[in-house]
Amino acid sequence: AIVSVVLSGETELWPMIGKLAIAFTFLVVMFTVARWGGKWVSTLFKTKDDELFTILFFGLAMMFGGLGEVLGVTDAIGAFLIGLVLGATRYHAKIEQIAVPLRDVFAAFFFVNFGLSMDIGAFPDVVLPVAAAVVMTVVLNILAGQFVAWLNGMGPQQGINTTVILQNRGEFALILATLSLSAGLD
């Protein structure tokens with residue numbers, strides 16, 4: 001959420017602080033609802049009709065994805081946060097059962113779209129910067145993992161475990177790259 005505000009192109013201090021405040025407020029409200037509003041949100045899903053049930057949670061995901069985009073925290077964050085809220089309801093298992101096949105279909109379309117946007121001719125120009133970024137990421141995560149383990153009085157094996165946890169996940173890196181491109185960064 002913070003990255004999208006920072007990359008929004010805003011150069012004035014107070015408007016940027018305002019956007020950060022809106023993003024932070026959205027995050028706090030959604031985490032609060034996820035933590036204490038599960039029973040209230042569960043009342044939205046009192047239906048025996050599976051089609052209506054699917055439309056309800058899918059509609060909430062779309063609505064909060066759009067709301068996140070409007071508020072400047074990206075659609076992915078908005079959808080993620082409503083996922084946290086829905087996970088706090090008593091219907092989370094049923095939602096997950098219906099949502100997993102949808103997730104798989106949309107993930108396939110995400111990667112098809114991502115592949116369509118790639119310019120194979122640009123690969124030679126980015127091989128060295130990407131290789132340097134990968135090496136730097138791995139090395140810094142190893143150092144950070146070992147440092148965190150050392151701070152907590154743990155050994156090298158726990159440091160390796162921490163290092164593995166710290167490694168970037170592909171989808172999140174793609175989201176950050178998309179945000180960077182939309183902000184005009186190369």
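Within the 4.5 Å cutoff, no side-chain heavy atoms of L56 are placed close to those of L60. Residues F57 and H92 have side chains not in contact (no heavy-atom distance under 4.5 Å, counting atoms from C-beta outward). Between V130 and F123 the shortest side-chain heavy-atom distance does not fall below 4.5 Å. Considering only heavy atoms from C-beta on, T32 comes within 4.5 Å of W36 through its side chain. At least one side-chain heavy atom of V28 sits under 4.5 Å from a side-chain heavy atom of F24. At least one side-chain heavy atom of I77 sits less than 4.5 Å from a side-chain heavy atom of L27. The shortest distance between side-chain heavy atoms of F45 and L86 falls below 4.5 Å.
With values rounded to the nearest 0.5 angstrom, I17 atom CD1 is found 12.5 Å from I22 atom CD1. A distance of 12.5 Å separates CD1 of I98 from CZ of F58, quoted to the nearest 0.5 Å. Residue L67 holds its CG atom at 11.5 Å from CG of D75, rounded to the nearest 0.5 Å. Rounding to the nearest 0.5 angstrom, the gap separating the OG1 atom in T89 from the CG atom in L44 is 9.5 Å. Rounding to the nearest 0.5 Å places CE of M154 at 9.5 Å from CG of N161.
V164 and F147 end up in different hydrophobic clusters when Ile, Leu, Val, Met, Phe, Trp and Tyr side chains are linked at under 4.5 Å. The hydrophobic clustering, which links ILVMFWY residues whose side-chain heavy atoms are closer than 4.5 Å, places I55 and V85 apart. Linking Ile, Leu, Val, Met, Phe, Trp and Tyr residues whenever their side-chain heavy atoms come within less than 4.5 Å places L71 and M62 in a single cluster. The hydrophobic clustering, which links ILVMFWY residues whose side-chain heavy atoms are closer than 4.5 Å, places V138 and L140 apart.
With hydrogens and angles disregarded, a donor-acceptor distance shorter than 3.5 Å links the side chain of N152 to the backbone of V148. A donor-acceptor pair under 3.5 Å is absent between the side-chain atoms of Q146 and the main chain of L143, judged by distance alone. For the pair S42 (side chain) and R90 (backbone), a donor-acceptor distance under 3.5 Å is present.
In terms of heavy-atom proximity, A79 sits nearest to I82 at O-CG2, 3.2 Å. When all heavy atoms of P124 and I120 are compared, the closest pair comes out as CD-O, 3.9 Å. Considering every non-hydrogen atom in both A149 and G155, the closest pair reads CB-O, 3.8 Å.
With sequence neighbours left out, E51 forms a side chain to side chain donor-acceptor pair (under 3.5 Å) with no residue at all.
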Take K94 and D50 through the side-chain contact (heavy atoms from CB on, under 4.5 Å) test and state the conclusion after the steps.
CA-CA 10 Å; K94 185 175 180 181; D50 283 345; 3.2 Å; yes
I'd like to know whether L81 forms a side-chain contact (heavy atoms from CB on, under 4.5 Å) with F26, so could you lay out the CA-CA distance, the side-chain angles of the two residues, the decisive distance to 0.1 Å, and finally the verdict.
CA-CA 9 Å; L81 291 173; F26 181 61; 3.8 Å; yes
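Under the 30°/60° scheme for interplanar angles, the aromatic rings of Y91 and F53 are found to stand perpendicular.
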